[in-house]
Amino acid sequence: MSRAPLQATENLPNRPIPAEAAKPGEKPNPYGPNFPKGGPQNKWTLQDFDIGRPLGKGKFGNVYLAREKASKYIVALKVLFKSQLQKAQVEHQLRREIEIQSHLRHPNILRLFGYFYDETRIYLILEFAPRGEMYKSLQKQPKQRFDEPRSSKYIRQMADALRDIKPENLLLDMKGELKIADFGWSVHAPTSKRATMCGTLDYLPPEMIEGQTHDDKVDLWSLGVLTYEFLVGKPPFEAGDNNETYRRITKVDLKFPPHVSDGAKDIISQLLMKDPAKRITLDKCLEHPWILEHNAPAKK
Ligand code: AMP
């Protein structure tokens, strides 16, 4: 399968624009001369967008509601300051995340339609998520937790998205060694805010804490922590300080409040196995009774 290079970001889904006559010897462009946009000769610029209200503030810049002028398509425009990215030495990481995210096509993975930059900023053209952050939604619930059907639905979607990101999520490093990109969790896990801002480590698996080699099985652990947090309202190994959290994670000190069903306890316990090889796989997760019980049969 051919993959677009990083420079050739894609066109936004746009309304049909009437085909215009091509110059002699040129291939007619069915979208007209301004589309598809995002290639080396035809780059997006800030002038292509009307900017609306701020949607949120991130570590490296702000996110705004925006509308692409030609198509009237609504997007979220993430504005990152180059100076801040350089200072934190995350330019490589950003490049990698752009490369991965722009190739992913999954209903539960936020689309990155394209990017552009000017002297001081980098702009990411993102799918707009009208209902905003999962964490805020969790906090707004009567008991700051989701019920079992809702948690089960989200976990099925997470398991499905994680399963789907495989080939695009594998990168090659300078020496040609395979690299699993941990795309996804840092952005979407509900505690990402706390993790980055207060330095809590609730989603880290034991093998990472103990400094052992780790692979994509870390995602299974994180999925278990996420399931628990959805149902209980806080992560399973939360503690007063980092040392205690470490201790509880490495001992898998897992306790459930009485309202958690047996099915949910079973899937969580199978995801939170200390030995990564013993963790339930994503495929098996999607077939787990707690997932089947609360979700309509899969469309696939
Ligand atoms: P971030 O820099 O990704 O942490 O984004 C900062 C905040 O902007 C997030 O916490 C969200 O509240 C909001 N936000 C980011 N991306 C989107 C989006 N695609 N749709 C809606 N809101 C978003």
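Read the numbers this way: they start at 1 and go in the same order the structure lists the ligands and their atoms. We're numbering straight along the sequence, starting at 1. As a basis for the values below, the full set of heavy atoms in this structure was taken, side chains included, without hydrogen atoms, waters or symmetry mates.
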Atom indices of ligand 1, in the order listed, that fall short of 4.0 Å to a heavy atom of [X]:
X: Lys78; answer: 1 (P), 2 (O), 3 (O)
X: Leu110; answer: 19 (N)
X: Lys57; answer: 6 (C), 7 (C)
X: Glu127; answer: 18 (C), 19 (N)
X: Glu133; answer: 9 (C), 10 (O), 11 (C), 12 (O)

| message | Quick check: Ala76 and ligand 1, any N/O pair under 3.5 Å apart? | response |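 No, Ala76 has no N/O under 3.5 Å of an N/O on ligand 1.
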
| So, is Lys136 polar-close to ligand 1, with some N/O to N/O distance under 3.5 Å? |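 No, since none of the N or O atoms of Lys136 sits under 3.5 Å from an N or O of ligand 1.
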
| message | The criterion is side chain to side chain donor-acceptor pair (under 3.5 Å); which residues satisfy it with Ser83, sequence neighbours excluded? | response |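 Side chain to side chain donor-acceptor pair (under 3.5 Å) list for Ser83, sorted by chain: empty.
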
| query | Are any of the side-chain nitrogens in Lys255 or Asp253 under 4.0 Å away from the carboxylate oxygens of its partner? | reply |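 Looking at Asp253 together with Lys255, the answer is yes, because their closest N to O distance falls below 4.0 Å.
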
| Is the shortest distance from a Lys or Arg side-chain nitrogen in Asp50 or Arg67 to a carboxylate oxygen in the other one below 4.0 Å? |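 Result for this pair is yes, salt bridge flagged.
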
| request: Could you pull out the closest heavy-atom pair between Gln141 and Ser137, with the gap in Å? | output: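 Taking every non-hydrogen atom into account, NE2-O, 2.9 Å.
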
| query | Under the 3.5 angstrom rule, does the side chain of Glu148 hit a backbone N or O of Ser261 as a donor-acceptor pair? | reply |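 A pair under 3.5 Å: yes.
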
| field | Distance-only polar pair, side chains of Asn295 and Ser152, donor-acceptor under 3.5 Å | value |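 On atom types as modelled, these side chains qualify, holding a pair under 3.5 Å.
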
